[in-house]
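A short worksheet on the structure shown next.
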Number of protein chains: 2
Amino acid sequence: MDEKVYEAEAEYFKALSHPTRIKIVQYLKGGERCVCEIVPYLKEEQSNVSRHLAALKRVGILSSRKEGVSVYYKVQDENVYKILDLALSSVKRIAREKAAILS
Amino acid sequence: MDEKVYEAEAEYFKALSHPTRIKIVQYLKGGERCVCEIVPYLKEEQSNVSRHLAALKRVGILSSRKEGVSVYYKVQDENVYKILDLALSSVKRIAREKAAILS
DNA sequence: ATACTATATGAACATTTAATCATAAAAAGG
DNA sequence: CCTTTTTATGATTAAATGTTCATATAGTAT
């Protein structure tokens, strides 16, 4: 496979490699949300949330639209939920096995 | 969901967020491999490859066993291939859509 | 014991990422 | 026009990451 493809795939995973960004994607499972709803939900700095949203949008996981002064974000890549689910099951299984070894 | 779980999931994605590490996982699709095979395959510094392998092992994606002076790595989390495949299809679709918009 | 091979790790450095504060830009309301 | 609200962005700083070189460690062979 092409080096460029590996790089793009790595960028995609990098966008998901922060707990706040995973939380954002999960929150948007409920559908499109205004930044003015996302910020209070996360209880983090507005500027920080704005940058996390930009990171997810940059790789195409999210998209946004402006309505007046508000900006609405939604999941553009529905595939991401399958990926999050699989990663979660991996993480849980790995943790379970690690616990089993220590017992 | 628990904050700890989001953090563990983020760590998992972080392990996949480097082209060399993705290449390693794909290479190990062929089964267990000695570091002495992985390094020449990647054509990167031995010490660097060693650190990438350690990063993948740390989160449980790979495991290793020692045989004499050699160390063999293999994929411990077979789930990772489903995740890589899904991410690849997302990345391709996103690229296709981006190209379509520009045309 | 010495020398050689395979792998991991410490130290150093450059780059990237995350967080915060302050401010800019755009829209809306008075 | 001035003010307020919402979101994005520049600047700064701290921390994490990736790379390289040199070296340590462990196993094997002579």
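Letters A, B, ... are given to chains in the order of the sequence lines, protein chains preceding strands, and every chain is numbered from 1.
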If each of Tyr72(A) and Lys14(A) is mapped to the nucleotide of DNA chain D with the nearest heavy atom, which maps nearer the 5' terminus, i.e. the 5' end?
Tyr72(A)
In this structure, how many angstroms lie between the [atom2] atom of [N] and the [atom1] atom of [X], rounded?
X	N	atom1	atom2	answer
Glu37(B)	dT5(C)	CD	C1'	16 Å
Leu56(A)	dA18(C)	CG	C1'	14 Å
Arg58(A)	dA8(D)	CZ	P	16 Å
Lys43(A)	dA19(C)	NZ	P	16 Å
Leu16(B)	dT17(D)	CG	P	14 Å
Tyr41(A)	dT7(D)	OH	P	17 Å
Arg65(A)	dA8(D)	CZ	P	13 Å
Glu45(B)	dT19(D)	CD	C1'	8 Å

Transitively linked via ILVMFWY side-chain contacts under 4.5 Å: Val69(B) with Val39(B)?
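Each belongs to a different hydrophobic cluster.
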What's the spacing between Gln76(A) CD and Ser90(B) OG if we round to 0.5 Å?
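Going from the CD atom of Gln76(A) to the OG atom of Ser90(B) covers 11.0 Å.
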Nearest-nucleotide pick for [X], side chain only, options being [options]:
X	options	result
His52(B)	dT6(D), dT19(D), dT20(D)	dT19(D)
Ser47(B)	dA26(D), dT6(D), dT9(C)	dT9(C)
Cys36(B)	dA26(D), dA6(C), dT7(D)	dA6(C)

At 4.0 Å (heavy atoms only), tell me whether Ser70(A) reaches a base, stays on the sugar-phosphate, or touches nothing.
sugar-phosphate
Tell me what Glu44(B) touches on the nucleic acid: a base, only sugar-phosphate, or nothing, going by heavy atoms under 4.0 Å.
nothing
Looking at [X], I'd like to know whether one of its side-chain N or O atoms comes within less than 4.0 Å of OP1 or OP2 on [N].
X	N	value
Tyr73(A)	dT6(D)	no
Asn48(A)	dA18(C)	no
His18(B)	dT16(C)	no

Nearest heavy-atom pair of Val25(B) and Ile61(B): which atoms, and what distance?
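What the structure gives for the nearest pair is CG2-CG2, 4.3 Å.
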Over all heavy atoms of both residues, which pair between Arg21(A) and Leu56(A) is shortest? Give the atoms and the distance, please.
O-CD1, 3.7 Å
Val91(A) versus Tyr6(B): any side-chain heavy-atom pair under 4.5 Å?
no
No-H, no-angle donor-acceptor pair, Gln46(A) side chain to dA8(D) base, under 3.5 Å
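Such a pair exists between side chain and base.
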Looking only at N and O atoms, is any donor in the side chain of Arg51(B) or the base of dT20(D) less than 3.5 Å from an acceptor on the other one?
yes
Closest-nucleotide mapping onto DNA chain C: is Arg21(A) or Val39(B) further toward the 5' terminus? I mean the 5' end.
Val39(B)
